[in-house]
Amino acid sequence: MTEPARFDRGHTDDLMTFLAASPSPYHAVATAAERLEKAGFKQVAETDAWDGTKGGKYVLRGGAIIAWYVPEGAAPHTPFRIVGAHTDSPNLRVKPLPDSGAHGWRQVAVEIYGGPLLNSWLDRDLGLAGRLTLRDGSTRLVNVDRPLLRVPQLAIHLDRSVTADGLKLDKQRHMQPVWGLGNDVRDGDLIAFLEETAGIPAGEVTGWDLMTHSVEPPAYLGRDRELLAGPRMDNLLSVHAGTAALAAVASGASEPASIPVLAAFDHEENGSQSDTGADGPLLGNVLERSVFARGGSYEDRARAFAGTVCLSSDTGHAVHPNYAERHDPTHHPRVNGGPILKVNVNNRYATDGSGRAEFTAACEAADVPFQSFVSNNSMPCGTTIGPITAARHGIRTVDIGVAILSMHSARELCGADDPFLLANALTAFLEG
């Protein structure tokens with residue numbers, strides 16, 4: 001049984017460290033893998049044969065990680081208990097021909113990824129991070145974590161209509177950051193700079209997946225420091241909590257009754273349709289291979305999946321003090337009120353009554369309060385990896401998360417207590 005949750009500032013401090021170390025999905029899974037390694041997990045290659053022995057294992061693919069712990073005596077048909085999350089966040093990503101500029105300014109050509117609040121990226125000091133692919137097919141992570149780029153906003157003196165009509169941004173013309181001065185824009189300058197930064201010989205980089213990030217570190221906010229401001233909490237907050245929960249269960253005194261799993265996918269913000277997204281085959285392949293590695297048959301696989309439950313953990317909307325009319329009038333999740341249970345009868349979230357009971361049991365076991373979230377009927381509802389996971393794998397899935405403000409901003413806001421409460425609830429769920 002999990003100990004009753006008490007606010008632990010150490011957990012939130014650790015979340016801040018995790019956010020700062022994870023400016024891209026590739027960095028996020030590397031950071032999670034490092035933490036799991038310290039808890040005794042071992043990486044397995046998808047191209048190798050797997051065994052079903054006791055212990056923690058994980059698979060890395062691009063910006064996704066699937067990790068699981070096989071307890072002593074697990075049968076081939078033992079069900080899984082899965083915490084699902086995603087590693088990507090809306091941002092600005094570097095185009096294939098990145099070097100551009102005009103009128104004496106050197107710029108980097110970027111494309112809009114996901115649905116960011118574009119205004120939150122203006123006049124903000126930005127770094128650049130991601131993955132470089134070399135001629136031999138190997139990859140290297142790179143992180144320029146200093147003020148390198150900036151998307152300068154137009155002065156109000158040159159657009160007086162902003163006061164009356166509001167800010168209107170053209171994604172192509174207005175979102176290209178500057179990174180220096182010069183009239184001689186040369187193809188290859190940005191990648192040459194990153195090669196030098198990463199200690200890679202000139203001309204070795206032939207592919208890249210690069211994105212901007214705010215270099216302002218996470219910070220406590222408020223009179224009593226009861227709030228946390230930081231980047232990429234949608235959805236690295238859940239990735240961090242899920243990693244901590246899986247490591248805690250694997251290191252616990254007693255073996256869990258089911259096989260606990262962390263599934264952190266990439267590309268949720270643009271539909272999950274990729275080989276590392278929730279709509280791809282990665283999770284199903286890993287779960288099936290785990291069954292077969294323990295000597296199981298297709299019948300065992302079917303039995304295991306039938307008993308499996310997934311908590312799809314993603315951030316949700318806290319009631320906004322300036323826009324309360326945008327929320328459902330009877331559902332006002334508050335920060336530091338505990339995790340939220342997301343419900344939508346049109347299956348934009350996967351939660352049903354039995355899922356609510358499952359999450360209630362986990363929260364009660366962890367002594368964690370929780371809240372319910374539904375959208376205002378007059379507004380469209382967002383979605384998560386939850387319905388995708390349920391439909392693709394036939395797995396009972398429950399959508400949950402932490403209530404935040406400023407979702408999809410370059411810098412989001414949550415309660416400083418809620419990450420710890422979520423991690424406690426996930427730990428109790430994985431313990432079964």
Donor-acceptor under 3.5 Å (R411 side chain, P217 main chain):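 Side chain of R411 to backbone of P217: a pair is present.
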N/O donor-acceptor pair under 3.5 Å between R232 side chain and S22 backbone: yes
Check [Y] with [X], please: is the shortest side-chain N to carboxylate O separation under 4.0 Å?
X    : Y    : value
D417 : R9   : no
E358 : R81  : yes
K171 : E111 : no

May I ask you to test the [X]-[Y] pair for a side-chain heavy-atom distance under 4.5 Å?
X    : Y   : answer
V239 : I65 : no
W68  : F80 : no
F429 : V83 : yes

Between [X] and [Y], what is the shortest heavy-atom contact and its length?
X    : Y    : value
L422 : P339 : CD1-CB, 4.2 Å
T243 : A32  : OG1-CB, 3.7 Å
R61  : E46  : NH2-OE1, 2.5 Å

Side-chain H-bond candidate by donor/acceptor type, H213 with N91, under 3.5 Å: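 Side chains of H213 and N91: no pair found under 3.5 Å.
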Donor + acceptor pair across side chains of H27, S24 (<3.5 Å): yes
Near-ring test H86/H267, centroid separation under 6.0 angstrom: no
W50 ring center within less than 6.0 Å of F292 ring center: no
Test side-chain hydrogen bond (donor to acceptor under 3.5 Å, both in side chains) applied to N376 and H331, step by step: CA-CA 9 Å; N376 187 307; H331 294 78; over 6 Å; no
Aromatic plane relationship, F359 with F370 - under 30° parallel, 30 to 60° tilted, over 60° perpendicular: perpendicular
Check against side-chain hydrogen bond (donor to acceptor under 3.5 Å, both in side chains), D399 and S312: CA-CA 5 Å; D399 272 298; S312 164; 2.8 Å; yes
Charged tip of R301 within 45° of F305 ring normal and under 6.0 Å: yes
